[in-house]
Amino acid sequence: MQDIIEGFLQFQREIFPKRCKLFKRLATSQNPRILFVACSDSHVVPELLTQREPARIDSMARENVIAQIANIKTHPSVAFALEQGHLNLHGWIYDIEAGSIDALDGLLGQFVSLADYPHVSATQSMFHHGI
């Protein structure tokens, strides 16, 4: 997970500033000319395969992220891994216009800046905030 967070922080520092006009435009308009249907496989990255700019993906409402985290926690294998301390869940909201990610802090029950709190997760506690 740390690699993913570091990748996002690198994107925020290096890529987003160079392409902020694109992301601001994507945040306010959506006019896709192509519907690319692919399996939800980690090997398939439609923008990479088709060499197209990123399409606007509407962020789920924060309540939906919280609901999805609550739902996945009920799956027996997930619940077991959480009980054993072998799994952390993460819930993120991406703000395409700002190029930022807010992450669900499970203990606080609210979203915080991933850039400010890169170790926070939906199933970890305040010690990651240095509290």
Side-chain angles (χ1 to χ4, degrees):
M1 193 66 199
Q2 194 57 39
D3 287 349
I4 292 170
I5 294 170
E6 288 172 12
F8 160 69
L9 294 174
Q10 181 180 0
F11 163 81
Q12 197 175 42
R13 280 189 317 270
E14 299 172 16
I15 305 300
F16 183 79
K18 295 175 187 172
R19 304 188 76 196
C20 66
K21 287 182 182 179
L22 167 68
F23 290 107
K24 285 185 186 296
R25 183 172 42 84
L26 291 174
T28 59
S29 67
Q30 181 174 352
N31 298 314
R33 294 178 28 194
I34 299 168
L35 172 63
F36 189 90
V37 180
C39 65
S40 59
D41 184 324
S42 64
H43 300 104
V44 176
V45 180
E47 293 83 6
L48 179 62
L49 294 176
T50 62
Q51 291 298 291
R52 299 288 175 245
E53 294 289 348
R56 180 176 182 230
I57 300 172
D58 290 324
S59 295
M60 291 192 304
R62 294 171 189 265
E63 292 79 14
N64 265 344
V65 172
I66 293 168
Q68 292 298 322
I69 293 289
N71 184 47
I72 195 74
K73 287 164 109 177
T74 67
H75 189 281
S77 61
V78 173
F80 180 74
L82 287 169
E83 287 174 18
Q84 299 295 310
H86 297 294
L87 177 68
N88 286 314
L89 300 177
H90 297 263
W92 292 358
I93 298 287
Y94 179 67
D95 181 336
I96 193 167
E97 185 174 9
S100 63
I101 292 177
D102 286 342
L104 178 60
D105 182 315
L107 185 63
L108 297 176
Q110 64 187 28
F111 288 85
V112 298
S113 167
L114 183 64
D116 294 339
Y117 301 101
H119 300 290
V120 72
S121 82
T123 53
Q124 294 186 136
S125 62
M126 277 191 196
F127 78 90
H128 292 282
H129 292 288
I131 296 173

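Predicted model only: the values in this text are computed from it and were never measured.
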Taken in chain and number order and not counting sequence neighbours, the residues that satisfy side-chain hydrogen bond (donor to acceptor under 3.5 Å, both in side chains) with Thr74 are none
All heavy atoms of Gly91 vs all of Val65, minimum pair found to be CA-CG1, 3.6 Å
Lys24 meets the side chain to side chain contact (heavy atoms under 4.5 Å, CB included) criterion, sequence neighbours left out, with Glu97
side-chain hydrogen bond (donor to acceptor under 3.5 Å, both in side chains) filter on Gln2, not counting sequence neighbours, yields His119
- Task: Side-chain contact test, heavy atoms from C-beta onward, threshold under 4.5 Å: evaluate it for Leu114 versus Ile5 and give yes or no.
- Result: yes
Taking every heavy atom of Lys73 against every heavy atom of Leu82, the minimum-distance pair comes out as CG-CD1, 3.8 Å
Close side-chain approach of Leu104 to Leu89, heavy-atom, < 4.5 Å: no
With sequence neighbours left out, the residues meeting ring pair (Phe, Tyr, Trp, His ring centres under 6.0 Å) with Phe16 are Phe23
One should read off an interatomic distance between Ile15 CD1 and Cys20 SG, to the nearest 0.5 angstrom, of 12.5 Å
Sorted by chain and residue number, the side chain to side chain contact (heavy atoms under 4.5 Å, CB included) partners of Gln84 (sequence neighbours excluded) come out as Phe80, His86
Heavy atoms of His90 and Asn88 approach each other most closely as CD2-O, 3.9 Å
For Ile4, the side chain to side chain contact (heavy atoms under 4.5 Å, CB included) test, sequence neighbours excluded, returns Met1, Trp92
**Request:** Please step through side chain to side chain contact (heavy atoms under 4.5 Å, CB included) for the pair Val78 and Leu87, ending with a clear verdict.
**Result:** CA-CA 8 Å; Val78 173; Leu87 177 68; 3.7 Å; yes
Residues passing the side chain to side chain contact (heavy atoms under 4.5 Å, CB included) test with Gln12, sequence neighbours excluded, are Phe8, Leu9, Ser100, Ala115
Rounding to 0.5 Å, atoms CD1 (Ile93) and CZ (Phe111) come to a distance of 4.5 Å
Residues passing the side-chain hydrogen bond (donor to acceptor under 3.5 Å, both in side chains) test with Glu6, sequence neighbours excluded, are none
So CD1 of Ile101 and OG of Ser113: to nearest 0.5 Å the spacing works out to 9.5 Å
